[in-house]
Number of protein chains: 2
Amino acid sequence: MSVKLRMAGHLIRRLHQVSTHIFTQRMREAGFDLTPVQFAALESLRHNPGTDQAGLAQAVAKDRATIGAVVDRLEQKGLIARSVSQRDKRARVLALTEQGQNTIAAVLPVVEALQRDMLPGLSDAEYAQFIALASKAAEAAETLDTGAG
Amino acid sequence: MSVKLRMAGHLIRRLHQVSTHIFTQRMREAGFDLTPVQFAALESLRHNPGTDQAGLAQAVAKDRATIGAVVDRLEQKGLIARSVSQRDKRARVLALTEQGQNTIAAVLPVVEALQRDMLPGLSDAEYAQFIALASKAAEAAETLDTGAG
DNA sequence: AGAGAAAAGTAAGTAGACATATCAATTCTG
DNA sequence: CAGAATTGATATGTCTACTTACTTTTCTCT
């Protein structure tokens, strides 16, 4: 067994790559042009309309600069609206447009359906276990303040 | 429980982020300037000197274009040597320089030591289980030809 | 041997990801 | 209330990552 197959970091990078690949592929097949992060942003705004970019960044665990660029593209696609906040002129209030709402509604089942395929070769029990372990680790990391801020 | 916490893709992205963050941080603390992928490339070349860029790309599961850029930077840092292959003038033969060998030797224990911290909040048994499940999924994905080629 | 397919590397373009610095606005503190 | 610290957003730079297109070289098959 090579070194890389023992390395948590390498395995995680590999899984990340696979999941991104599957996401992009299925999305294109379904006739949509959304990246994983763009989807995450839309999904987050669906539940929390009216947040600003910093809030969105925190919600999807990315930094402000990254989310700024993501928001630019989503705005250009007409999926979200960006406006200056009244109470804080620094902040940009975000919300889904009608087209954005339609898109997320249409796309959600596709995304739910592909989750399972991101971890091929695992039984249902193993899949559930993986999700449980990953959740536990991710939450612990969040507590340790490790990651994007 | 929010949607994103059920989503395999989101969890994997989050773990990827945490692992990259820890890697970069510890590396810098140890006085080195190596990214995860640069490390993976060096580690691969240590075991397989004389491969070309396409071979390296396959070994670390990235595409040729990405590895080309990574190799550029490693060459500039003086860690690897790149030369035109005699038997195939298209190919670039790669090998660690002496500095590259010293670097990977010095860095390996640091990297081994931080693997565990990439998955915080997991017991030793859970960590082992995660590695096993991730390996299984990654290998299955490889078989399905999903990912970079 | 010669034509066509395949492969190695590179270039250009897009997107994510983050650090750092900067600017403007807001909040905290003395 | 004035100055300081903080925060929201953006700009810049670096690195990863992949696609598509292109050149050069090699391989294959007739």
Side-chain angles (χ1 to χ4, degrees), chain A residues 9-10 12-25 27-28 33-41 51-58 60-77 82-94 146-149, chain B residues 9-10 12-25 27-28 33-41 51-58 60-77 82-94 146-149:
Chain A
H10 192 273
I12 292 170
R13 257 200 314 289
R14 187 84 183 90
L15 292 182
H16 176 237
Q17 192 172 39
V18 170
S19 66
T20 302
H21 187 257
I22 290 184
F23 188 101
T24 306
Q25 188 178 284
M27 221 49 155
R28 200 179 336 183
D33 178 33
L34 277 186
T35 66
V37 172
Q38 288 170 9
F39 165 77
T51 22
D52 59 12
Q53 293 185 194
L56 177 58
Q58 183 158 35
V60 299
K62 300 287 173 299
D63 66 309
R64 294 200 305 272
T66 298
I67 247 48
V70 172
V71 164
D72 278 349
R73 289 175 210 116
L74 289 174
E75 193 185 23
Q76 271 186 330
K77 289 180 188 175
R82 175 156 54 170
S83 58
V84 175
S85 167
Q86 256 90 19
R87 70 189 61 180
D88 186 341
K89 286 171 199 160
R90 295 168 304 178
R92 306 298 144 103
V93 171
L94 305 174
T146 314
Chain B
H10 192 273
I12 292 171
R13 256 200 315 291
R14 188 83 183 87
L15 293 182
H16 176 237
Q17 191 173 39
V18 170
S19 67
T20 301
H21 188 257
I22 290 185
F23 188 100
T24 306
Q25 188 176 285
M27 222 49 157
R28 200 181 334 187
D33 178 32
L34 277 186
T35 66
V37 174
Q38 288 169 8
F39 166 77
T51 21
D52 59 12
Q53 293 185 194
L56 178 58
Q58 183 157 34
V60 299
K62 300 288 173 297
D63 66 308
R64 294 199 308 272
T66 299
I67 248 46
V70 173
V71 164
D72 279 348
R73 289 173 212 117
L74 289 174
E75 192 183 24
Q76 271 185 329
K77 290 182 188 176
R82 175 156 52 171
S83 58
V84 175
S85 166
Q86 255 91 19
R87 71 189 61 182
D88 187 342
K89 286 171 199 161
R90 297 169 303 178
R92 304 298 143 105
V93 171
L94 305 174
T146 314

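Labels below follow one simple rule: chain letters A, B, ... track the order of the sequence lines, proteins then strands, and each chain is numbered from 1.
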### Task
Round to a whole Å and report the spacing from CG of A/Asp72 to C1' of D/dA9.
11 Å
### Query
Within this structure, what is the CG-to-P distance between B/Leu74 and D/dC15, rounded to whole angstrom?
10 Å
### Task
May I ask you to decide if A/Val37's main-chain N or O and A/Lys62's side chain share a donor-acceptor pair within less than 3.5 Å?
no
## Note on the structure
The side chain to side chain donor-acceptor pair (under 3.5 Å) partners of A/Arg82 (sequence neighbours excluded) come to A/Gln53, A/Asp72, A/Glu75
## Note on the structure
Walking DNA chain C from its 5' end, the first of B/Arg28 and B/Val93 to be reached, judged by nearest nucleotide, is B/Val93
Can you check nucleotides 22-28 of chain D for protein contacts, nitrogen or oxygen pairs under 3.5 Å, and list what you find?
from, atom 1, to, atom 2, distance (Å)
D/dT25, O2, B/Arg90, NH1, 3.1
D/dT26, OP1, B/Lys89, N, 3.0

### Task
Using a 4.0 Å heavy-atom cut-off across all strands, classify B/Thr66 as base, sugar-phosphate, or nothing.
base
### Task
State which residues pass side chain to side chain donor-acceptor pair (under 3.5 Å) with B/Thr66; sequence neighbours excluded, sorted by chain then number.
B/Asp63
### Task
Please determine if a side-chain N or O atom of B/Gln17 lies less than 4.0 Å away from the OP1 or OP2 oxygen of C/dC18.
yes
### Task
Figure out the CZ/P separation between A/Arg92 and C/dA24, and round it to whole Å.
13 Å
### Query
Pick the nucleotide of DNA chain C nearest each of B/Gly68 and A/His16; which residue has the one closer to the 5' end?
B/Gly68
### Query
Partners of A/Lys89 by side chain to side chain donor-acceptor pair (under 3.5 Å), sequence neighbours excluded?
none
### Task
Check every strand shown and say whether A/Ala91 touches a base, only sugar-phosphate, or nothing at a heavy-atom separation below 4.0 Å.
sugar-phosphate
### Query
Can you list the residues that meet the side chain to side chain contact (heavy atoms under 4.5 Å, CB included) rule with B/Ser85, with sequence neighbours excluded?
B/Arg87, B/Asp88, B/Ala91, B/Val93
### Message
Using the rule given for side-chain contact (heavy atoms from CB on, under 4.5 Å), can you reason through A/Asp33 versus A/Lys77, listing the C-alpha separation, both sets of side-chain angles and the distance that settles it, and then say yes or no?
### Response
CA-CA 10 Å; A/Asp33 178 33; A/Lys77 289 180 188 175; 3.8 Å; yes
### Task
Calculate the interatomic distance between B/Gln76 atom CD and D/dT14 atom C1'; express it in whole Å.
12 Å
### Query
Rounded to whole angstroms, how far apart are CD on A/Glu75 and C1' on D/dT10?
14 Å
### Query
When you check the phosphate oxygens OP1 and OP2 of D/dT7, does a side-chain N or O of A/Gln53 lie under 4.0 Å from one of them?
no
### Nearest-Å distance for atom pair CD1/P, residues B/Ile67 and C/dG9
11 Å
### Query
Do the rings of A/Phe23 and A/Phe39 sit parallel, tilted or perpendicular, given the 30° and 60° boundaries?
tilted
### Message
Nearest to the B/Thr35 side chain among D/dG8, D/dC15, C/dA15, which nucleotide is it?
### Response
D/dC15
### Task
Under 4.0 Å between any heavy atoms, over every strand shown, what does B/Ala54 touch: base, sugar-phosphate, or nothing? Just pick one.
sugar-phosphate
### Interatomic distance, A/Arg13 CZ vs D/dC15 C1' [rounded to whole Å]
13 Å
### Atom pair distance, as rounded to whole Å: CG in B/Asp63 and C1' in D/dA21
14 Å
